[in-house]
Amino acid sequence: KLHRLVSYLNETKNLRMIGWIADGHSELVLDLFADADFAGCSGAQRSASGAFLCLKGPHSCFGLSCLSKRQGCVSLSTPEAEIVAASHALRHIGFPALELWQHINRNPDIPLVVHEDNKAMISVCLSGKNPTMRHLKRTHGVQVAWLAEQFDRKDILLLYERSVRMSADIFTKAFSDPLKWQAVCELILVLDEARLQDQDFLTSLLSPPPSLSGGVSKRSLALPNAPDPPNDLPSKSGWHIEKNKNPVCVVKDPLTMKT
């Protein structure tokens, strides 16, 4: 293990962890990414929790904290593992950072934005229950009830994040694909110093696309800069991101009544 560690240090001397702040403190918001790798431990069949906390603004992104930990209980599905990961991330790095940031700004209404990439987990946490998870016992059941209370607060926002933009993914499992490894490293602002000389790459890095693909959110904050959808839509709408990174308002087809 020591040889592998020294080898990794030797082969990654070109990597740098960067961050930038170009906004006032009142424009900065804490973003917490929580993710889980379901049954990643082949022996105990336990999942792994990962989290990444950063400070973000219109022209700012600065990493603050992270964690990677094997879960102490066995989950039966990915949503259950995500519930445990979100609970652990909130308790250990989310709430301490939020309390400090609210005190620094002297504003108790500054939100903590929690990003999750599992829609089933989000639905369970917002409702506090799920008919398909009636088997949940004390460990998972208490965490669901606790998360439902926390996400009902004004200063805690739960939003859906695309898996390709999930910054906590790197802390949940190993990667064998070099391109995938490079992509997840860039999500936590770990870059090859040679790429810092690429002007086009820096431009895209400093002006990232909206991170949310719309759909599930507690409040309409998925795309803050997007216009409000029309009021006469036939069904519920949601914001999505096209391949060219432009936001698009998508409306589901209304259900028809058969007679």
Kindly write out the residues that satisfy side chain to side chain donor-acceptor pair (under 3.5 Å) with [X], not counting sequence neighbours, or none if the list is empty.
X      : value
Gln71  : Ser49
Asn105 : His25
Thr78  : none

Please report the interatomic distance [atom1]([X]) to [atom2]([Y]), rounded to the nearest 0.5 Å.
X      : Y      : atom1 : atom2 : value
Asp117 : Tyr160 : CG    : OH    : 6.5 Å
Phe38  : Glu80  : CZ    : CD    : 7.5 Å
Gln150 : Gln143 : CD    : CD    : 12.0 Å
Asp152 : Leu147 : CG    : CG    : 12.5 Å
Lys154 : Ile110 : NZ    : CD1   : 13.0 Å
Glu82  : Ser77  : CD    : OG    : 9.5 Å

Mind listing the closest non-hydrogen atom pair of [X] and [Y] along with its distance?
X     : Y     : answer
Gly94 : Leu32 : CA-CD2, 4.0 Å
Ala81 : Ser47 : CB-OG, 3.5 Å
Cys73 : Arg46 : O-CG, 4.2 Å

- Message: Ile122 vs Leu158, test: side chain to side chain contact (heavy atoms under 4.5 Å, CB included). Steps then yes/no.
- Response: CA-CA 7 Å; Ile122 295 177; Leu158 177 60; 3.8 Å; yes
Report the residues that fulfil side chain to side chain contact (heavy atoms under 4.5 Å, CB included) with [X], sequence neighbours left out, ordered by chain and then residue number.
X      : result
Ala39  : Gln45
Glu99  : none
Glu193 : Asn14, Arg16
Thr172 : Asp35, Asp37, Asp169

- Message: Do Phe175 and Val164 land in one hydrophobic cluster if side-chain heavy atoms of ILVMFWY residues count as linked below 4.5 Å?
- Response: no
- Please step through side chain to side chain contact (heavy atoms under 4.5 Å, CB included) for the pair Leu112 and Leu90, ending with a clear verdict. CA-CA 10 Å; Leu112 170 68; Leu90 273 175; 3.7 Å; yes
- Decide whether Gln102 and Asp155 meet the rule of one side-chain donor and one side-chain acceptor closer than 3.5 Å. yes
- Exceeds 12 heavy-atom contacts within 6.0 angstrom, atom CZ of Phe62: no
- Message: Let's go through Val124 and Val144 carefully: what are the C-alpha distance in whole Å and the side-chain angles of both, what is the deciding distance for side chain to side chain contact (heavy atoms under 4.5 Å, CB included) to 0.1 Å, and is it a yes or a no?
- Response: CA-CA 7 Å; Val124 172; Val144 169; 3.8 Å; yes
- Only pairs at least two apart or in different chains count here, so list each ring pair (Phe, Tyr, Trp, His ring centres under 6.0 Å) that has a residue in residues 88-107. His88-His92, Phe95-Trp146
Could you tabulate the donor-acceptor pairs under 3.5 Å formed by side-chain atoms of residues 179-191, not counting sequence neighbours?
from   : atom 1 : to     : atom 2 : distance (Å)
Gln182 : NE2    : Glu186 : OE2    : 3.4
Glu186 : OE2    : Arg195 : NH1    : 2.2

- Sub-4.5 Å side-chain heavy-atom contact between Leu30 and Leu64: yes
- Message: I'd like to check Leu159 versus Val114 (side-chain heavy atoms, cut-off strictly below 4.5 Å). Are they in contact?
- Response: no
- What's in the same ILVMFWY side-chain cluster as Val6, cut-off under 4.5 Å, chained through other members? Leu2
